[in-house]
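Residue numbers begin at 1 in each chain, while the letters A, B, ... track the order of the sequences.
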Amino acid sequence: MAEAKNPEITPELVAEHGLTAEEYARVLAIMGRAPNITELGIFSVMWSEHCSYKTSKKWLRTLPTEGPQVIQGPGENAGVVDIGDGLACIFKIESHNHPSFIEPYQGAATGVGGILRDVFTMGARPIANLNALRFGAPDHPKTRHLVAGVVAGIGGYGNCIGVPTVGGECQFHESYNGNILVNAMTVGIAPTDRIFYSAAAGIGNPVVYVGSKTGRDGIHGATMASAEFSEDSEEKRPTVQVGDPFTEKLLLEACLELMATDAIIAIQDMGAAGLTSSSVEMSSKGGVGIELDLSAVPRREEGMTPYEIMLSESQERMLMVLRPGREDAARAVFEKWELDFAVIGRVTDTGRLVLTENGETVADIPVAPLVENAPEYDRPWEATPPSPEIAAVDLPAKPGDEALLALLASPDHCGKGWIWHQYDHLVMNDTVIRPGGDAAVVRVRDTSKALAVTTDCTPRYCYADPVRGGAQAVAEAWRNLTATGARPLAATDNMNFGNPERPRVMGQFAGCIEGMGEACRALSFPIVSGNVSLYNETSGKGIHPTPVIGGVGLLDDVALAVGIGFTDPDLSILLVGKTQGWLGCSAYLREILGREDGAPPPVDLAAELRNGDFTRMQILARRAAACHDLSEGGLAVALAEMALAGDIGAEIAGAPEGVPLHAWLFGEDQARYLIATRNPAAILAHAETAGIPVAVIGRTGGEALTLPGAAPISLTALREAHEGWLPGYMDGE
Amino acid sequence: MKAAVIVFPGSNRDRDMLMALERAAGKPPLAIWHGDADFEPVDLIVVPGGFSYGDYLRAGAMAVHSPIMREVAKRAQAGVPVLGVCNGYQILTEAGLLPGALLHNARLKFVCGDIHMKVETAQSLFTAGYESGQVIRVPVAHHDGNYFADDETLDRLEGEGRVAFRYCTAEGEFDDKANPNGSARHIAGIYNETKTVLGLMPHPENATDPQLGGTDGAALFDGLVAALH
């Protein structure tokens, strides 16, 4: 783009930088003159959708972000919540969708690298990674290649750096054929009195660059992430960054070592828009100016222009403001870890970002207007028309055993072991509940505590009814945490949507936010960090709205955590919550009847709270041997997962009166849990007192799962169905 | 028992190993930074898992040329027991302290999860805490764990009783499905001639704590402590 060193700023060049004529007029007003190419590049990335949230801000502001546990809500590198004992949990989810479609291994790997940096920049040691993946239809020609590359890339990065990848989700749908979703989440732990922020301070203090050298990779990644794809997207491969997890491991250890001293005043990782966004964020948050000498920036290529240096998205880099006089001590730490360390500038009182190269000024921008006068849009939106409710009695009833086996062998509901066995989920020696359950549970070192972590979304529901779907995603994440015995603390959101310039898509966004906000408020489950990925659209076809919720919960006593697997024969199986038999928009409808229509299940937030709190209380009172929340595929799928996880069968009683059998087995009514217990009487007695609907529905034992009105299914047959599909598909069967 | 765990910049199971050793010995072992060419005398040296120097060239290939590994080799030759796990095993074979090599897994993918393996003999420092023929369940987590050596070497290892562990089913049968990486003759770990150096791919250090779903690895460390105290 910037071949000549100082090209003339033409309307074409402005348009190539993704700025509208109106936005460019704003640039001229702020600068009081025409910008040069470097300055134009800086405005372009800072005002990209990815960095400026110009479309989403208005809506994101409506989400609840506060609570007594919240130390830091959205706006920093990651959210921070108090977990007691002087410790904080720091976490965030972030997308790397566009790069992963173009170059799946590196796109996914650098997605993991980026979110890890967001968390350790704040002083936390990462203790768990998760990922939420969405691919196109299995029979789409690209899908297999993308699954293989993304999974290998996530594993390649996380396995090397040595942070366990403990959870996530993976689904397939044709709406993602041209735009896969790769959302990565990192959870870390830091002492509450050693949390690091990005606000630069102290006029004259040194600004220091550490980590890898700067190259030409990833230039304009943020702009790419803010535009629709077209058929020639593959030509954008050079804008995908390349990851180096070994260097990130060194950077992690070096940063944590330096953070144990008092040398650092402010620190910010160089993620999207690299040196530009990190220096602008730091000066803007601190209300100060920053002056950088670009000739001092370590680089791995000759002849890089200021434009390229400022827009490079080379990975594994950080920018810090140090206390004066601490440069040598800091340099020693980074040299020990064999990383580049360079003083490249200083904090000033001008409020301007001034860049020089060999003594000559190459850019000079007032920071406050660059950030505060960034465009913000209230885009027109239209609500999704309501989907008709579908009565279960109007739907064909397939035999329970056949339908269950088909569901378990379907791409969305099959076992995902093929994926998570490629992730090191055990390194660090703290993984108490491994992938494959409701939420993973990892211990908090040197305490009796543990964190439960999960990611969730049901895009089919969001497409049919954004408000309900948004609420359901939050409720399911909250339930998954609850089902381990954890108290849900807070959440992070990854808003993946199509082109917001289409009112229907904007309506999906607004609707999902509305539902999420309602659920977060009702469940006291604030959103403390997040990421927005718009323009997930190829040749005019958008993805299903996919607001992924990453949830974190706390167990005060790790010994009380329960998994989903039946632990023993002869346990009573209890169902908590009401079952009406809601089949609209269900997995049964999609996988068995080949339809994706109907209204999704209603979300009764008061019932969610009541039933969830009740279930957690039973777990913490040691009355539950196993617990599982009910979600897609309903009762039958949940039972099968519990049986498979514990390698113990079960026999289930008939449907209650008034609920058709297939709706009882496969309905997706919300706010429900299964508990396996030795002590049903105590739970029933508590339920009666508390007014919670709980019923005994069966008993564990044997080597088969027997559903009412259906032939017994051996555990072997269940396992073959559940575990066979994904490896077979990936082998090209 | 005084143990030392060698820490390379890309080691990532060093903490796991330190925890397992401390649990068994009742006191924390030393953590020796790879840049420190010399360290005090110890009863056991452990080279832990991870990606020593990123392993972009070949697993363990660069670590061999570090000053610390020259010191480890010297002490191993002098008879100090050395345990190499996963990347540590790869490094020990690269260093020539153990024969053979660890190739990419047969399915060319990273593999993490519990496996079963059979303790070939209890007649060693490292396996004194087990019964000969005992089947134990421990995790693996590696991309390059496919043990390879020529037939002559494999025959010699078997003939000299230097196969430490073999992958097997839960029932103790040798079966290709139970071999997670395609290792020759299902070999999961081997000894040097004097049985004072053990390399293995699985992670006994991740199976020492009942909260984490299994303790079959604990006897390895307990046995070492009993033998070396």
Side-chain angles (χ1 to χ4, degrees), chain A residues 125 148 151-152 154-166 244-254 335-339 417-436 441-443 445-446 448 450 557-559 561 563 565 647 727 730-731, chain B residues 7-23 33-36 48-57 59 62 85-87 105 107-115 138-144 170 177 180 202-214 217:
Chain A
R125 178 172 286 280
V151 171
I154 290 172
Y157 210 99
N159 298 347
C160 180
I161 197 169
V163 175
T165 302
V166 298
D244 177 357
F246 176 61
T247 299
E248 179 116 324
K249 162 85 171 152
L250 305 182
L251 189 60
L252 162 68
E253 299 297 344
E335 284 179 354
K336 171 188 161 191
W337 291 97
E338 297 179 15
L339 293 164
W418 185 90
I419 294 174
W420 54 259
H421 281 301
Q422 292 185 59
Y423 302 149
D424 191 339
H425 49 273
L426 302 173
V427 63
M428 293 185 90
N429 222 26
D430 284 315
T431 308
V432 176
I433 295 183
R434 301 181 184 187
V441 173
V442 288
R443 297 189 294 203
R445 192 76 55 98
D446 299 326
S448 63
D557 180 357
V558 60
D647 209 20
M730 293 307 296
D731 282 345
Chain B
V7 183
F8 292 101
S11 296
N12 64 27
R13 271 190 165 76
D14 45 333
R15 298 207 312 170
D16 308 34
M17 185 60 78
L18 292 164
M19 284 168 79
L21 287 164
E22 180 168 354
R23 177 182 283 264
W33 182 240
H34 73 119
D36 302 336
F51 290 74
S52 46
Y53 291 95
D55 288 352
Y56 295 127
L57 173 60
M62 296 207 13
V85 174
C86 199
N87 190 227
N105 294 346
R107 294 182 67 87
L108 301 178
K109 286 195 283 284
F110 193 95
V111 55
C112 177
D114 285 343
I115 54 94
V138 291
V140 290
H142 59 251
H143 190 280
D144 297 345
K177 276 194 188 149
H203 291 283
E205 75 276 21
N206 287 131
T208 60
D209 184 337
Q211 256 173 13
L212 304 181

Contacting region of B:Tyr53 [heavy-atom separation from chain A under 4.5 Å]: both
Interface moiety of A:Ile161 toward chain B, non-hydrogen atoms closer than 4.5 Å: backbone
Under 3.5 Å donor-acceptor, B:Asp16 side chain and A:Val427 backbone: no
Option that, when pairs with chain B are counted at under 4.5 Å, heavy atom only, ranks first among A:Gly417, A:Gly156, A:Pro245: A:Pro245
Sorted by number, residues from residues 108-115 of chain B in contact with chain A (heavy atoms, under 4.5 Å): B:Lys109, B:Phe110, B:Val111, B:Cys112, B:Gly113, B:Asp114
Smallest separation among heavy atoms of B:Pro139 and A:Leu426, with atom names: CB-CD1, 3.3 Å
Option that, when pairs with chain A are counted at under 4.5 Å, heavy atom only, ranks first among B:Ala141, B:Gly54, B:Ala207, B:Ala20: B:Gly54
Proximity breakdown for A:Glu253 and chain B, heavy-atom pairs closer than 4.5 Å: neither
Atom pair CZ (B:Arg15) and CG (A:Asn429), whose distance is rounded to the nearest 0.5 Å: 9.5 Å
Nearest heavy atoms of A:Phe246 and B:Tyr56, plus distance in Å: N-OH, 3.3 Å
Interatomic distance, A:Asp424 atom CG to B:Asn206 atom CG [nearest 0.5 angstrom]: 7.5 Å
Smallest separation among heavy atoms of A:Arg434 and B:Leu212, with atom names: NH2-O, 3.5 Å
Option in A:Gly162, A:Cys160, A:Ala561 with maximal non-hydrogen atom pairs under 4.5 Å from chain B: A:Cys160
A:Glu335 CD: over 12 foreign heavy atoms closer than 6.0 Å: yes
OG1-CD distance between A:Thr431 and B:Gln211, expressed to the nearest 0.5 angstrom: 12.0 Å
Spatial distance of atom CH2 (B:Trp33) from atom NZ (A:Lys336) [nearest 0.5 Å]: 5.0 Å
Heavy atoms from other residues, nucleotides or ligands near CG of A:Asp446 exceed 12 (cutoff 6.0 Å): no
Proximal component of B:Asp209, with respect to chain A [non-hydrogen, under 4.5 Å]: side chain
Option that, when pairs with chain B are counted at under 4.5 Å, heavy atom only, ranks first among A:Asp430, A:Asp244, A:Thr247: A:Asp244
